[in-house]
Amino acid sequence: MDPERARWVGSGLPPRLRGLTFTDLREHAEQADALKRTKIYVDGFAAQQDLNWRHAPKSPHLYGRGMLFAGTPGTGKTTLAATALCEIRRRWGASVYMTRYSDHIDRERQILRPDRATDEETLSRLTYAVDRVYEAQVVLLDDIGHEHSSASGFAEDRLEKILRGRYDIGRPTLLTSNLSGSDWEQRYSRPLRSFVDQCCRRIVMVGASLRTPE
Ligand SMILES: Nc1ncnc2c1ncn2[C@@H]1O[C@H](COP(=O)(O)OP(=O)(O)O)[C@@H](O)[C@H]1O
Ligand SMILES: [Mg+2]
C-alpha cells in the first residue's frame, strides 16, 4: 500500500480531509478569529499535555482540554476541526481518530443489539471503531446533535460518558455542532453543557455558508 494512504487507514478521516494543514485553508475574514485560536491550541498542545516527574499534569486546568466548534451549517467547522486533528498528529505524533457522532452511536447500538447481518468480521470492525473513540489520544466527534435521539437517552448518555471518561484520563476531544447553547441544554442537559465548557474551548464560527451552491 502507498505509505501516505497507509498512514491514514484506521484514522476514520474521510479521504478529502486527510493530511490537511493550516496552509491548505483559504483565509476567510469571518473565520480569522477561529483560525487564530485553533492555531494557538495546536501550538500549545504538547505543553498542555505535559506531565511532571510525578506523572501529574503540569497544567491541571488545561490538561485534556479539547475544542468545541460551534456555528451554523457551512461555516467550516468540520474542515477546521479536521485540520486541527491532522496538524496535532503531524506536529506532535498523537494518535487521532475522527467519526461523525451519529455513526459512532449507530455502531454502539449495533454492538449491543447485533442483528443477522452482524457477522464476526463486522463485529470486530465495529468494536475497533468504537474503541478508538475511547482510546485515541485525540478524537474528533463531528456533528453532535445530528444523531438519532431515542426515548432512552442512549446517545445523550454516551456523549457524557465519552467526554467525562476521556477528560479524566487527559485525552482531549474535539467536537463540532450546529446546536446553540440553549439547544444543547434541551437536548443533552445543563450539567453536560457546563461540563463541555470545562473540557472544551468554545470556538464560534460565524458568517455565511462557504458551501458553494450546485
Ligand atoms: N477555509 C476554507 N476555505 C475554503 N473552503 C472551505 C474552508 N472551510 C470550509 N470550506 C468549504 O466549505 C464547505 C463547508 O465546510 P464544512 O467544514 O463542511 O462546514 P460545516 O462543518 O460548518 O458545515 C465545504 O465544502 C468546505 O470544503
Ligand atoms: Mg460539518
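What's counted below: heavy atoms across the whole structure, side chains too, no hydrogens, waters or symmetry copies. Indexing begins at 1, ligand by ligand and atom by atom, following the structure's order.
- Atoms of ligand 1 lying under 4.0 Å from at least one heavy atom of Pro73, given by number and element, are 23 (O).
- Geometric assessment of Arg164 against the ring of Phe195 yields a positive cation-pi assignment under the 6.0 Å and 45° thresholds.
- Ranking the protein heavy atoms by distance from atom 10 (N) of ligand 1 puts Leu210 CD1, 3.9 Å first.
- Among protein heavy atoms, atom 22 (O) of ligand 1 sits closest to Lys77 NZ, 2.7 Å.
- For atom 1 (N) of ligand 1, the closest non-hydrogen atom of the protein is Arg26 O, 3.0 Å.
- Taking the side chain as every heavy atom from C-beta outward, Ile144 and Leu159 approach each other to under 4.5 Å.
- Around atom NZ of Lys39, more than 12 heavy atoms belonging to other residues, nucleotides or ligands sit under 6.0 Å away.
- Closest protein heavy atom to atom 21 (O) of ligand 1: Thr78 OG1, 2.8 Å.
- Residue contacts with ligand 1 do not include Glu27, since none of its heavy atoms lies under 4.0 Å from the ligand.
- Seen from the ring of Trp184, Arg190 does not count as a face-on cation partner, given the 6.0 Å and 45° thresholds.
- Of the protein's non-hydrogen atoms, Gly74 N, 2.7 Å is the one closest to atom 23 (O) of ligand 1.
- Tyr101 and His104 have parallel rings, their planes meeting at less than 30° on a 0 to 90° scale where 60° marks the start of perpendicular.
- Because the distance cut-off is set at 2.8 Å, Asn178 fails to qualify as a neighbour of the Mg ion (ligand 2), as none of its N, O or S atoms comes that close.
- Counting only heavy atoms of the protein, atom 16 (P) of ligand 1 lies nearest to Thr79 OG1, 3.6 Å.
- For atom 19 (O) of ligand 1, the closest heavy atom belonging to the protein is Gly76 N, 3.1 Å.
- Exactly one residue among Thr176, Asn178, Asp142 makes a side chain to side chain donor-acceptor pair (under 3.5 Å) with Lys77. That residue is Asn178.
- Residue contact annotation: Thr75 has a non-hydrogen atom under 4.0 Å from ligand 1.
- Side-chain contact annotation: Asp183 with Ser180, donor-acceptor N/O pair under 3.5 Å present.
- Within 6.0 Å of the CD atom in Gln198, the count of heavy atoms belonging to other residues, nucleotides or ligands exceeds 12.
- Atoms of ligand 1 found under 4.0 Å from any heavy atom of Gln31, numbered from 1 in the order shown, are 1 (N).
- Contacts between His28 and ligand 1, counted as non-hydrogen atom pairs separated by less than 4.0 Å, involve the side chain only.
- In this structure, Arg187 pairs ionically with Glu147, as a charged nitrogen and a carboxylate oxygen lie closer than 4.0 Å.
- The protein non-hydrogen atom at the shortest distance from atom 18 (O) of ligand 1 is Arg211 NH2, 2.9 Å.
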